[in-house]
Amino acid sequence: VAYRIASALNLGQKYVGVDLAAQLYASGGTFLYGDLVTSGFSHVGSGCYLFDYNYPNGFYGHVAIYQSGSSGVLGLVDISPRLEQILYIKGKTDLL
Amino acid sequence: MSYTKDISLYLGPSLANLTDLRAQLLTPSGTLYGSAISSLFTHVGSGSYIFHYESYPDNFRGGVKFYQNAGSASGVLAIHSINPEEYEFISLIKTQTDLITAGGVTITLASPVDANGDITIVRGDDYKDIDGRALEWTISTAPSLVGSTCVFTARRGNSTVLTKSVTVVSATEVMMELDADDTTPLIPSTYRFDIEATLSNGNIVTIKFGEMVVTKDVTLH
């Protein structure tokens, strides 16, 4: 089961309407997790983006944001399974 | 039921005391959700603002973009993500855990059948109508069930683990009772089930597919 998070990215005017890519890193930042992700980005104006992604169950780590074809990191988003755990807890407390 | 969340914005001294700030909710794919909001900003100094909004829709996921009305909606000054797990769900969890009272725990047993018609039962329990715990389904997509015979079958892989008669309550409702003898042999796991009806005219209709989750008990029977 995956868990979904919408992340806001403000990359600035230099990056208006560019193609972006994301790379997941496992906690600690040493290990790449999966392949480069190139979908789920929406430019909403002025270099601001939403990144909508379904993370693997229990994933704890980070997402590095790149401009497609470039190795320079534009941003780093921390991803914690906290939100997934809240969803799980809600499912349990809904039974009360 | 909508919920409330404040968002703080730092836009810098050059954008202090703006009177035409707008907020626009966005879906996860960046499309506009509802109308722009103009009246809920407080400038606290030096281009720092608080946006106080009390009407985030249930389960809303996406973002909020902020812009000046004097510019254009594409001239975004800031963006903020919204995930229901961060705010709304925690509030809902609090509401539910408030049901746990000091000096004791008051628990209202939920129906073993959820809104989707799936089942969660505890191994070793009885599920009897007299206790208000029978498993009940409302079926809206089948012919009238009056006069039909219904059978519940649960399987795991290729093995049938439970077969039980289901009582027809009305043209659209069925009910099943389980005995501890039925639930005790079930290994805690998730099973598939269906309810098959043989209508009064002899035709066979499967009126429900679903999952049956059997949870562990502590007291062994």
Side-chain angles (χ1 to χ4, degrees), chain A residues 1-20 22 37-55 57-60 62-63 65 74-96, chain B residues 7 9-11 22 24-33 59-68 71-101 105-112 114-115 120 122 213 215:
Chain A
V1 179
Y3 67 104
R4 186 179 183 187
I5 299 178
S7 300
L9 309 167
N10 188 347
L11 304 180
Q13 292 286 350
K14 186 179 173 185
Y15 296 97
V16 170
V18 300
D19 291 329
L20 296 176
V37 178
T38 56
S39 61
F41 294 96
S42 302
H43 182 240
V44 300
S46 306
C48 292
Y49 294 80
L50 281 174
F51 176 52
D52 181 29
Y53 190 68
N54 288 302
Y55 294 88
N57 190 24
F59 178 77
Y60 176 37
H62 315 272
V63 184
I65 307 297
L74 302 178
L76 202 54
V77 180
D78 297 333
I79 301 296
S80 155
R82 178 172 55 93
L83 298 190
E84 178 194 17
Q85 290 161 355
I86 288 170
L87 186 62
Y88 175 84
I89 293 167
K90 179 178 181 298
K92 293 297 182 186
T93 56
D94 281 348
L95 297 173
L96 286 173
Chain B
I7 297 174
L9 302 169
Y10 176 70
L11 303 180
R22 299 287 186 270
Q24 174 66 60
L25 271 62
L26 303 167
T27 69
S29 61
T31 56
L32 305 186
Y33 185 99
N59 268 318
F60 180 76
R61 187 185 307 279
V64 187
K65 69 175 180 179
F66 298 94
Y67 61 96
Q68 262 188 283
S72 75
S74 62
V76 178
L77 301 174
I79 185 169
H80 189 94
S81 61
I82 303 284
N83 291 284
E85 294 85 355
E86 293 172 290
Y87 303 97
E88 177 193 0
F89 288 0
I90 290 174
S91 176
L92 294 174
I93 289 168
K94 180 180 182 304
T95 300
Q96 289 298 93
T97 54
D98 281 349
L99 298 172
I100 302 171
T101 56
V105 178
T106 302
I107 295 176
T108 302
L109 287 175
S111 167
D114 69 17
T120 301
V122 179
V213 176
T215 60

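Naming convention: chains lettered A, B, ... in sequence-line order (proteins, then strands); numbering from 1 in each chain. Treat the numbers as computed from the prediction; the structure is a model and nothing was measured.
Rounding to the nearest 0.5 angstrom, the gap separating the CD1 atom in A/I89 from the CZ atom in B/F89 is 12.5 Å. To the nearest 0.5 Å, atoms CD (B/E85) and CD1 (A/I5) are separated by 7.5 Å. Here the CG atom belonging to B/D114 is positioned 9.0 Å from the CG atom belonging to A/L95, to the nearest 0.5 angstrom. Atom CD in B/Q96 sits 14.0 Å away from atom NZ in A/K92 (nearest 0.5 Å).
Among all heavy-atom pairs drawn from B/I79 and A/Y49, the shortest one is CD1-O, 3.7 Å. Closest of all the heavy-atom pairs between A/S46 and B/V76 is OG-N, 2.7 Å. Taking all atoms of both residues into account, the shortest heavy-atom contact from A/A8 to B/H80 is CB-C, 3.9 Å. The minimum heavy-atom distance between A/V44 and B/G30, with the atom names listed, is CG1-CA, 4.0 Å.
Atom OH of B/Y33 is surrounded by 12 or fewer heavy atoms from other residues, nucleotides or ligands within 6.0 Å. Around atom CG of A/D19, no more than 12 heavy atoms belonging to other residues, nucleotides or ligands sit under 6.0 Å away.
At a 4.5 Å heavy-atom cutoff, A/F51 makes no contact with chain B through either its backbone or its side chain. Within the 4.5 angstrom heavy-atom criterion, no atom of B/L32 approaches chain A. Contacts between B/T31 and chain A at a heavy-atom distance below 4.5 Å are absent for every atom of the residue.
Put simply, the side chain of B/P28 reaches to within 4.5 Å of the side chain of A/R4, judged on heavy atoms.
Without hydrogens or angle criteria, A/S42 side chain to B/S29 main chain gives a donor-acceptor distance under 3.5 Å.
Per-residue counts of heavy-atom pairs under 4.5 Å with chain B were compared for A/T93, A/N10, A/D52; the largest is that of A/T93.
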